[in-house]
Amino acid sequence: MHEISVAQTIVNEILAEAERQSAAKVTRVVLELGKLTMLNFDQVSFWVSAFLEGTVGEDAEISITPVDGSVECRECKAISDVLVEDDPTLHYSVPQFTCERCGSHNTFICKGREMVIKTIRIER
Amino acid sequence: MHKVSDVKVEQDIMRINRKIASENRSFFEKNGITVFNIMGAIGSGKTCLIEHAIEELKDSYSIAVIAGDVIAQYDSDRFASHGVKVLPVSTGKECHLDAHFVEHALEHTDVKDIDILFIENVGNLICPSDFDLGEDARVVIVSVSEGDDIVLKHPVIFKLSDLTVVNKVDIAEHVGASAEKMVADAITCGCTRAIPTSCRKGEGLEEWVSFIRETLRT
C-alpha cells in the first residue's frame, strides 16, 4: 500500500503552506479522502503524524473527512451512489459500480477518489 | 497571545501526477504512439503476455517497453531479447509507477519513432490504479492461481481498466479456481471487456492481440 508515500506528499504540502504563511505552529490538518482510494485512513493519519514529528506540525490533530463514492452512467447519465455490499464469505465490503436507474455497468467514477488537503490551522 | 487562523489549502495531492500524465499524453499523441499501461499482481503473467504481443506485432509496428519493477533488469533482458527498445525503470520500494517515472524514462530514450509503447507496471493490484501515466488503455492481468475471489477483492482497479485478462486458465482446475467466475466478476466490477487466456497453451491470445490492434491510433 502507498499510504506512506501519500502521507509524505501530504506532509510536504502542509510544511510548504506553513512556511508560506510564516506559521510558528500547525495545530490542525483537515484532509478529505475518497473511500474509493482504498486507502486505510488510520494508516494515513498515523504516518502523517509520524512525518510531522520534529516540525512545526508535530502537535497537529489530523482530521479526515471520508468522501463517499459516486458513479455517473454513460448510458442514462444518472449519478448513483456506489453501493457497498458486505460479503460474508470475503469478510469485507465490496463496492458495486452499477447504475441505480438503468442497471448498466457502463459507468465511471465521478466521486470518491479525492486526496485533498482542505485546511490547516496555524499559529503565528 | 498567539494568532490562530484556519488557512484554506484546497490542494489535491494528485494534481502533480495528473499534470505530468497530461504532458505525457500530449507527447504520445503528437508522436502517434499508442500506450498501454499493463497492471496486475506479481506473477500474473504481465511480462509473458507483453512478450507474446511483441512477437505478433513487431513485424508491422515499432515497439518499445517501459519495464517497471522493483529490480527492472530481469524483465528488461527478457524484452530486449525480442529486439525491441527497452526502458528499464527500477522503482526500489515504490509499489507503482507514476507519471513522473514515465516522463523520466522518456527523457533518456528517444521513442518518437515508436508506434506502440507497453508500460509494465509494478506487480500490485492496489496502488497503480490511482496513478494515470498518460496511457491510452489500461489493462489489468490476473491469474487463476491468485484465487477466484481476487477480482472482487480489488474492484477499483478493474473498474478503472479497459481490459481484464484472466490468465493461466489451463491450470484453473488444478488450483481450484473458476476462470469463468473471474471473467464475470471483472464485468460486474465495471470493466467493459474481460478475456480468459493461457500464455502457455495459447488460449485467448488472439483476442489479446486484437484488443491491442483495435486500440491503436489510426
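Source: prediction; values computed, not measured.
With a threshold of 4.5 angstrom between heavy atoms, A/V30 does not approach chain B through any atom at all.
Here the CG-NE2 distance, from B/N124 to A/H2, works out to 8.5 Å after rounding to the nearest 0.5 Å. Here the straight-line distance linking atom CE of A/M38 with atom SG of B/C127 works out to 11.5 Å at 0.5 Å rounding. We find the OG1-CD distance between A/T9 and B/Q11 to be 12.0 Å, quoted to the nearest 0.5 Å. A distance of 8.5 Å separates CD in B/E10 from OG1 in A/T119, rounded to the nearest 0.5 Å. Rounding to the nearest 0.5 Å gives a distance of 11.5 Å between CD1 of B/I126 and OG1 of A/T37. Within the model, atoms CD1 of B/I13 and CG of A/L33 stand 7.5 Å from one another, a figure rounded to the nearest 0.5 Å.
Residue A/E58 places its CD atom among more than 12 non-hydrogen atoms of other residues, nucleotides or ligands, all under 6.0 Å distant. Residue A/E19 places its CD atom among 12 or fewer non-hydrogen atoms of other residues, nucleotides or ligands, all under 6.0 Å distant. Other residues, nucleotides and ligands contribute only 12 or fewer heavy atoms inside 6.0 Å of the CD atom of B/E206.
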Item to complete: Test side-chain contact (heavy atoms from CB on, under 4.5 Å) on B/T188 and A/Q96 and set out the steps.
Response: CA-CA 8 Å; B/T188 305; A/Q96 303 287 320; 4.0 Å; yes

Discussion item. Show, in sequence, the C-alpha distance, side-chain angles and deciding distance for A/R20 and B/V7, and conclude whether the side-chain contact (heavy atoms from CB on, under 4.5 Å) test is met.
Written reply: CA-CA 11 Å; A/R20 272 194 292 275; B/V7 179; over 6 Å; no

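Contact between B/L160 and A/I109 at its shortest, heavy atoms only, is CD2-CD1, 4.0 Å. Of all heavy-atom pairs between A/R121 and B/D6, the closest is NE-OD1, 2.7 Å. Residues B/S129 and A/R113 approach most closely at O-NH2, 3.0 Å, considering heavy atoms.
Chain B forms more heavy-atom pairs under 4.5 Å with one residue of A/E13, A/E114, A/Q21 than with any other, namely A/E13.
Without hydrogens or angle criteria, B/K159 side chain to A/T107 main chain gives a donor-acceptor distance under 3.5 Å.
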